[in-house]
Amino acid sequence: MIADPAVFDDEHLPRRLLHREAAVDYLSRAWEPALDGDQAHDVLIHGPSGVGKTSLARFTLQKLTTHADIYSAHVESLGKTTAGVVRSVLHDLPGSDPATNTPREDLCIELRERVDQPTIVILDEADDLPATDILDRLADVEGLSIVAICHDHEQWLSQLDNQLRRRLLLKELALDRFGVNELADILEARARRGLPSGVVTREQLETIADEVAGVARKGIQSLRQASLLAEERDHSEIGADDVADSYERAQRYILEQNLGSLPFHHQLLYELIRVGGGLKAGELHDRYEAVADDVYRGRGLTPISERSRRLKLSKLEDYELIEVEGKNRHREYIPSYACVKTSIEVNQII
DNA sequence: ATTCCACGGGAATCGGTGGCAA
DNA sequence: TTGCCACCGATTCCCGTGGAAT
């Protein structure tokens with residue numbers, strides 16, 4: 001049933017960014033100086049997950065770079081160190097990658113040398129970045145401007161000192177969830193390009209938009225799952241049952257992508273929490289130690305310390321795979337969505 | 001008031017990799 | 001080509017913190 005699967009990819013950029021015209025405009029104006037070879041303004045884009053912050057930045061950038069000589073870099077910041085961010089920027093700029101053991105200082109020097117025309121760096125998922133350090137170094141680079149994307153702008157700004165804020169010329173741009181009609185418009189446009197005509201009604205799209213509370217990523221994935229379900233069930237068009245069952249599959253799909261991108265240690269911890277149906281910290285560590293020898297055997301990996309496990313756990317939380325409740329010794333790790341599984345077998349061992 | 005427990009920041013350490021000189 | 005060294009990211013070690021339990 002799906003004519004063009006790419007339309008439903010997270011990375012897919014539509015021809016027009018519906019209902020974000022004002023934001024595109026704002027961002028374009030902030031970047032206008034770059035058209036004349038000057039340094040653009042820095043922008044902080046903030047708002048909830050899945051409302052199109054990254055799409056907005058990429059879309060507007062694409063528009064800009066088609067008629068101007070501008071370098072750009074897109075950095076997936078989550079978990080990166082300062083050196084990692086600089087390295088990632090260099091990777092996106094013309095030229096070859098520096099050696100993996102190049103000193104941080106040398107990376108920054110190389111960055112200053114390579115930026116010889118206006119450059120826009122998108123720092124995606126910038127919430128947990130060592131922001132002061134990174135911005136300090138990026139702000140040092142003549143011609144380079146930053147677009148930081150984060151969820152909580154107040155928290156993000158609070159870590160910057162006044163001096164840095166002045167150097168950054170920071171503009172702010174808030175994105176919110178879409179209204180039901182707005183998101184339905186967006187889904188309609190995707191359906192037009194990705195699905196045969198007439199397989200889904202406007203009413204169904206509004207139902208989806210309402211259910212996902214204006215979060216575009218969830219809406220688009222739900223539409224995709226609804227069409228997959230219709231296909232599996234041999235429906236000639238999407239039915240009410242397909243729509244009804246699509247949300248859970250979409251949510252699961254999103255989380256499975258997240259989980260699959262994580263290394264083994266994370267997945268094992270997740271699986272223990274999932275199988276346990278939520279665990280107190282102490283119990284989680286006990287179970288980990290109980291299964292570790294068996295589970296790690298033959299994988300060329302060794303079990304990790306409690307401290308490292310805590311680092312992995314906070315990453316699982318970042319990825320919305322688990323939730324943490326309670327404080328201190330009452331802290332409990334809860335699987336956000338227990339139907340999202342790993343391929344690791346821990347059932348029999350416990 | 002004291003103990004318990006877990007968190008999470010920071011410094012030290014480990015293992016792997018590329019550059020470089022012999 | 002080989003052996004050494006600097007460096008990185010990942011991990012561990014150490015410890016201060018703070019709320020609940022006793």
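To find a chain, count down the sequence lines: A is the first, B the second, and so on, and within it residues start at 1.
- Counting to the nearest Å, the P atom of dA20(C) and the CZ atom of R329(A) are 10 Å from each other.
- Atom CG in D97(A) sits about 15 Å away from atom C1' in dT17(B), given to the nearest Å.
- Taking side-chain N and O atoms only, T81(A) has a distance below 4.0 Å to OP1 or OP2 of dG9(C).
- Distance CG (L107(A)) to P (dC8(C)): 7 Å, rounded to an integer number of Å.
- Candidate nucleotides dA20(C), dG9(C), dC7(B) were compared by shortest atom distance to the side chain of A83(A), and dG9(C) ranks first.
- With dA21(C), dC7(B), dG9(C) as the candidates, the nucleotide lying closest to the side chain of A281(A) is dC7(B).
- Among the protein residues, T102(A) comes within range of the sugar-phosphate backbone only, with heavy atoms under 4.0 Å from sugar or phosphate atoms but none that close to a base.
- The side chain of P103(A) sits closest to dC7(C) out of dC7(C), dT11(C), dC7(B).
- Counting heavy atoms of neighbouring residues, nucleotides and ligands inside a 6.0 Å radius, atom CZ of R193(A) does not exceed 12 of them.
- The distance from atom CD of E306(A) to atom P of dA10(C) is 21 Å, rounded to the nearest whole Å.
- Here dT12(C) is the nucleotide among dT12(C), dT11(C), dC7(B) with the atom lying nearest to any side-chain atom of R307(A).
- Cation-pi contact between R16(A) and F59(A): absent, since separation from the ring centre below 6.0 Å together with deviation from the ring axis within 45° is not met.
- For K218(A), the NZ atom sits in a loose shell: 12 or fewer heavy atoms of surrounding residues, nucleotides or ligands are nearer than 6.0 Å.
- Judged purely by distance below 3.5 Å, without hydrogens or angles, the side chains of Y270(A) and H265(A) never pair a donor atom with an acceptor atom.
- Out of dT17(B), dC7(B), dG19(C), the shortest distance to the side chain of Y333(A) is found at dC7(B).
- In the set dC5(B), dG9(C), dG18(C), the nucleotide with an atom closest to the side chain of N328(A) is dG18(C).
- When rounded to the nearest whole Å, the span between CG of D106(A) and P of dC8(C) equals 9 Å.
- For H330(A) and dA21(C), the shortest distance from a side-chain N or O to OP1 or OP2 is below 4.0 Å.
- Under 4.0 angstrom from either OP1 or OP2 of dA10(C) there lies no side-chain N or O belonging to H265(A).
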### Task
Before giving the answer on salt bridge (Lys or Arg N to Asp or Glu O under 4.0 Å), spell out for E323(A) and R331(A) the whole-Å C-alpha distance, their side-chain angles and the decisive distance to 0.1 Å.
CA-CA 10 Å; E323(A) 281 156 36; R331(A) 176 174 275 237; over 6 Å; no

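- Nearest to the side-chain atoms of N101(A) among the listed nucleotides dG8(B), dG19(C), dT17(B) stands dT17(B).
- Between K312(A) and the phosphate of dT11(C), there is a side-chain N or O to OP1/OP2 separation shorter than 4.0 Å.
- R331(A) has no side-chain polar atom (N or O) that falls below the 4.0 Å cut-off from OP1 or OP2 of dC4(B).
- Side-chain proximity of S308(A) to the nucleotides dC5(B), dC8(C), dT11(C) is greatest for dT11(C).
- Computed from coordinates, the L311(A) CG to dG8(B) C1' distance equals 8 Å when rounded to whole Å.
- Heavy atoms of other residues, nucleotides or ligands lying less than 6.0 angstrom from CD of E320(A) number 12 at most.
- Each of dG9(C), dT12(C), dG19(B) was ranked by its minimum atom distance to the side chain of A99(A); first place goes to dG19(B).
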